[in-house]
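Heads up: the structure comes next, in structure tokens.
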Amino acid sequence: MTTDYRDSFDELERKWQDRWERERTFVAPRSPGSRRFYCLEMLPYPSGRLHMGHVRNYSIGDAVARFRRMRGDTVLHPMGWDSFGLPAENAAIKHGIHPESWTEDNIAQMRVQLRRLGLSYDWDREIAAHRPEYYRWNQWFFLRMLEKDLAYRSRRRVNWCESCRTVLANEQVEAGRCWRCESVVGTRELEQWFLRITRYAEELNADLETLTGWPEKVRLMQRNWIGKSEGARVRFPIVDGAGGDSGESIEIFTTRLDTIHGATFCVVAPDHPAVRHAPAAGPARSGLEAFLRRAAAREAARPGTAPEDKDGVDTGLRARNPYNGEILPVWTANFVLMEYGTGAIMAVPAHDDRDFEFATKYRLPICQVIVPTRDPGAVEPAVAAFVEDGWLIASGRYAGLSSAEARTVMLRDGEAAGFARGIVHYRLLDWGISRQRYWGTPIPVIFCDACGVVAVPDRDLPVLLPREVPLTGSGGSPLEQSEAFVRCVCPRCGAPARRETDTMDTFFDSSWYFYRYADAANRQAPFDSTVAESWMPIDLYIGGITHATMHLIYCRFFTKVLRDLGLVKFGEPVRNLLCQGMVLKGGTAMSKSKGNIVDPDDMVRRYGADTTRLFTLFAAPPEKDLEWNEAGVEGCFRFLDRVWRLFTPRAATLAAEPAPAPGDGSGDPRRAALRRKVHQTIARITVDLDRRLHLNTPVAALMELTNAVQDFDREGRPGDGPFLKEAGQVMALLLQPFAPHMSEELWALLGGEGTVSGRRWPEADPVWLHEEDVEIVVQVNGRVRSRLRVPAAATESEVLALARADAHVAGHLEGKSIRRTVFVPGRLLNLVV
RNA sequence: GCGAAAGUGGCGGAACUGGCAGACGCGCCGGACUUAGGAUCCGGUGGGGCAACCCAUGAGGGUUCGAAUCCCUCCUUUCGCACCA
């Protein structure tokens with residue numbers, strides 16, 4: 001007796017989940033053999049509830065992991081928790097729960113949810129960032145970086161989010177707003193710990209070239225973020241009223257040294273030191289002060305955003321262009337930023353859009369020195385800046401050179417004369433990791449009045465986060481309130497000392513966690529190098545695009561540091577990166593405030609894990625956004641239901657049938673067609689998973705196969721058993737990546753040996769892959785006129801003869817002569833008349 | 001503004017290196033079985049004539065025997081960056 005799929009999926013899915021766990025099916029060995037596959041999904045923050053974005057992410061990863069396992073790879077597929085961070089602390093403040101219990105409760109809940117989805121994780125390797133056995137290694141890495149001068153302390157103006165009451169790294173400020181709470185970010189001057197990621201700027205940029213398994217989009221975003229620009233610094237001496245050197249100078253940064261003869265003024269940032277040296281008296285003075293007030297007011301109103309209009313004023317200072325001796329006025333204006341380059345520029349209105357706009361507004365001279373062709377006729381007056389490279393004119397002895405040549409030659413001359421210096425500039429800034437919050441890794445340093453900043457010795461790690469700390473959400477670092485934590489003795493001199501009370505940015509935690517998975521139980525070291533190297537780099541890393549310039553730059557940086565510490569031999573942690581799209585409902589991302597959340601538990605309860613997973617894979621290709629559609633979920637459920645009804649009522653009978661021999665059925669067109677479909681489906685799905693990472697088309701192929709079996713079965717005949725059995729067993733095997741529970745159940749019912757999870761992926765029998773008869777499309781002048789069934793091996797002349805005889809074709813050939821024929825064997829014949 | 005990606009039925013999406021456009025699913029229409037059906041099964045489903053043909057992959061042009069696919073121009077959408085010198 002059989003039951004409805006609707007009544008049995010829950011029990012069935014739980015049964016297989018229990019069995020996988022009991023048999024430790026997905027536990028990976030300590031080190032893999034030659035064929036390994038590290039399949040990783042970005043670790044979640046334990047918010048307490050899984051959302052559909054997680055389900056999609058993990059369904060994609062699980063499909064790949066299960067497929068690779070069946071293909072014979074030793075697969076590492078772990079899961080863990082990015083469990084430090086602000087929400088736990090906020091929950092503690094709001095509800096009076098300790099962040100630790102809040103976090104652990106959430107983890108427990110989410111683990112249950114993940115298990116119910118039947119994801120093939122090796123839970124033995126589970127990690128959680130907030131546990132001392134994990135974060136002690138954060139501290140250990142920090143100390144290594146301190147030794148290498150990769151971590152340093154500096155007083156700086158930093159981004160400050162008032163709402164989160166903490167510092168933000170540059171990467172965490174998006175258009176002037178906090179990446180987490182979206183409130184406007186201000187600045188504060190604070191002593192902070194920084195990681196010298198800029199030391200790796202060049203390598204981080206150059207190695208992007210080697211990341212061929214990454215989406216172009218992410219590489220581009222990183223390239224922009226690193227912002228490499230090659231140029232020169234040039235010193236412009238400040239001259240006094242008589243034209244003599246004042247002894248002062250301003251240094252400008254330019255990437256277009258070739259245009260320097262066209263400089264007609266200089267511009268410094270409003271907060272540039274030179275502004276303070278502007279003449280103290282004279283009519284210009286009041287204008288300057290008014291401008292500085294305007295700039296300050298604008299900055300206070302909308303910090304960190306670009307002003308709407310260019311605004312500036314002549315400082316009264318004069319500078320000499322060292323390349324041609326020309327005396328230029330020095331302006332200060334709101335479009336020049338102190339944070340970039342030297343905070344000062346030479347303005348070349350003829351060849352820079354911003355300079356052009358500014359010069360036009362203030363009627364400053366525009367002087368053309370680059371022309372688009374080597375040999376221009378008359379030079380037209382500029383109506384817009386010509387910003388491309390070209391050839392130099394009006395540039396003294398450099399006239400006639402190309403822009404590129406000129407940059408090289410002029411830099412060399414300027415360096416020889418001592419007023420220019422070639423530099424490579426990066427937009428990337430050092431990573432500020434200090435956070436004035438409780439729920440994070442304590443930074444392992446001690447301040448001693450006598451010895452200064454002292455590193456906590458390795459033997460004293462971990463520096464434990466004290467449990468009882470008042471959390472109010474206001475004031476400085478919460479750890480300052482814990483006397484027992486703060487007071488310590490200096491490890492160097494033994495005098496009373498104070499501990500650092502800031503904690504680490506949680507992005508530190510997630511920058512290396514994938515190494516820990518490789519050797520999660522290690523108590524002596526963050527990981528054993530040999531073991532980690534046997535699994536790393538990650539073969540496929542799956543997550544959202546949101547981390548393109550944060551996590552994914554930090555973790556590349558970290559791996560380069562680990563390499564330089566001698567812990568690993570490679571410099572890039574991720575071979576292939578898949579950025580999956582978002583899950584939308586009604587065209588926008590699901591969110592509580594919009595009230596358009598679809599609860600994964602609800603879906604699993606109503607349709608089961610298989611259906612829920614199947615839908616997330618089927619409804620859209622992985623990298624595109626997916627619109628949640630309940631009717632589509634029903635469709636996936638119906639598909640599984642159909643598979644169920646097709647095979648389970650007679651599973652016992654089929655189980656007793658023999659498998660068809662390799663050539664069986666070839667004499668019977670109906671049976672041959674089914675076997676062909678079965679084997680073609682194997683081939684198709686294998687290619688899609690193996691080479692293209694397409695997950696929606698394999699599901700479609702499985703549906704087609706089901707339809708074919710249904711059609712075959714409609715006119716069932718005695719002796720069909722072996723053929724149905726083959727189809728059912730192949731179906732069971734191919735379903736494993738997409739609907740693993742149904743896969744196992746079907747396999748078991750059809751008398752399959754062992755479990756599908758423990759079996760090899762099926763091989764398509766080449767005999768059934770090629771069709772004996774193929775349909776050839778006959779075109780006349782590129783338009784389809786007929787279709788012919790011919791033997792696969794038919795030659796051009798044979799097909800041509802058949803085509804001429806075809807009534808449809810003949811009608812279009814009447815009264816015309818064939819000028820040319822194009823024949824694609826097995827595909828098409830095009831007659832050009 | 002700069003840069004990137006993408007535009008295919010009513011909808012989600014197929015179409016490997018240029019070779020049958022619309023696989024598969026949803027929705028819709030018709031039918032069967034039914035007391036009933038939002039279950040299941042069968043048939044149909046890009047548009048126009050409804051027959052043989054014509055028109056269709058954002059718009060326009062080009063290359064080609066042949067273009068959703070390659071090239072050019074434009075439009076739209078999404079994303080990223082946004083005075084980066």
For the pair [X] (side chain) and [Y] (backbone), establish whether a donor and an acceptor sit closer than 3.5 Å, ignoring hydrogens and angles.
X: A/E798; Y: A/T795; value: yes
X: A/N334; Y: A/D309; value: yes
X: A/Y607; Y: A/V633; value: no

Provide the distance between the two [atom1] atoms, one in [N] and one in [M], to the nearest whole Å.
N: B/rG18; M: B/rC83; atom1: P; answer: 42 Å
N: B/rG27; M: B/rU35; atom1: C1'; answer: 28 Å
N: B/rC55; M: B/rU8; atom1: C1'; answer: 16 Å
N: B/rG61; M: B/rA56; atom1: P; answer: 11 Å
N: B/rC81; M: B/rA21; atom1: P; answer: 42 Å
N: B/rC26; M: B/rU40; atom1: P; answer: 10 Å
N: B/rA68; M: B/rG46; atom1: C1'; answer: 15 Å
N: B/rG37; M: B/rG30; atom1: P; answer: 13 Å

Could you give the [atom1]-to-[atom2] distance, from [X] to [N], as a whole number of Å?
X: A/W628; N: B/rC26; atom1: CH2; atom2: C1'; answer: 14 Å
X: A/K624; N: B/rU77; atom1: NZ; atom2: C1'; answer: 12 Å
X: A/R787; N: B/rG19; atom1: CZ; atom2: C1'; answer: 12 Å
X: A/D625; N: B/rU77; atom1: CG; atom2: C1'; answer: 12 Å

Taking a pair as Watson-Crick or G-U wobble with both distances under 3.5 Å, which nucleotide is matched to [N]?
N: B/rG66; value: none
N: B/rA15; value: none
N: B/rC33; value: none
N: B/rA4; value: B/rU78
N: B/rG27; value: B/rU45
N: B/rC83; value: none
N: B/rU73; value: B/rA59
N: B/rG22; value: none

Between [X] and [N], is there a side-chain N or O to OP1/OP2 distance below 4.0 Å?
X: A/R684; N: B/rA23; answer: no
X: A/Q222; N: B/rG80; answer: no
X: A/R645; N: B/rC41; answer: yes
X: A/H812; N: B/rC53; answer: yes
X: A/N707; N: B/rG25; answer: yes
X: A/R219; N: B/rG3; answer: no
X: A/R789; N: B/rC20; answer: no
X: A/R427; N: B/rA82; answer: yes
X: A/R692; N: B/rA15; answer: yes

Quick one: which of [options] gets closest to the side chain of [X]?
X: A/A631; options: B/rA21, B/rC26, B/rC55; answer: B/rC26
X: A/M703; options: B/rC65, B/rG25, B/rA85; answer: B/rG25
X: A/L220; options: B/rC20, B/rG19, B/rG3; answer: B/rG3
X: A/N696; options: B/rA85, B/rA82, B/rA14; answer: B/rA14
X: A/A620; options: B/rC65, B/rG13, B/rA85; answer: B/rG13
X: A/F618; options: B/rG12, B/rA85, B/rA14; answer: B/rG12
X: A/R783; options: B/rG13, B/rC54, B/rC20; answer: B/rC54
X: A/T697; options: B/rC24, B/rC20, B/rA14; answer: B/rA14
X: A/E704; options: B/rC20, B/rA15, B/rC24; answer: B/rC24
X: A/P621; options: B/rG19, B/rC65, B/rG13; answer: B/rG13

* Does the distance from a Lys or Arg side-chain N to an Asp or Glu carboxylate O, for A/K677 and A/E704, drop under 4.0 Å? ->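 Yes, this pair counts.
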* Using the glycosidic torsion, which applies to B/rG9: syn (within 90° of 0) or anti (everything else)? ->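 Chi for B/rG9 falls in the syn range.
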* In this structure, which one of A/D389, A/T254, A/T255, A/T259 forms a side-chain hydrogen bond (donor to acceptor under 3.5 Å, both in side chains) with A/R407? ->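 Going through A/D389, A/T254, A/T255, A/T259 one by one, the side-chain hydrogen bond (donor to acceptor under 3.5 Å, both in side chains) with A/R407 is satisfied by A/D389 alone.
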* Considering all heavy atoms, the nearest A/A269-A/V336 contact ->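 Reported closest heavy-atom pair: CB-O, 3.3 Å.
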* Would you say the side chain of A/R820 and the base of B/rC65 hold a donor-acceptor pair, judged only by whether the two atoms sit under 3.5 Å apart? ->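 Looking at the base of B/rC65, it does not pair with any donor or acceptor on the side chain of A/R820 (distance under 3.5 Å).
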* Ring geometry between A/H261 and A/Y323 (parallel below 30°, tilted from 30 to 60°, perpendicular above 60°) ->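 The rings of A/Y323 and A/H261 stand perpendicular, inter-plane angle above 60°.
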* **Geometric class of the A/H547/A/H551 ring pair [parallel <30°, tilted 30-60°, perpendicular >60°]** =>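 Aromatic pair A/H551/A/H547 classed perpendicular.
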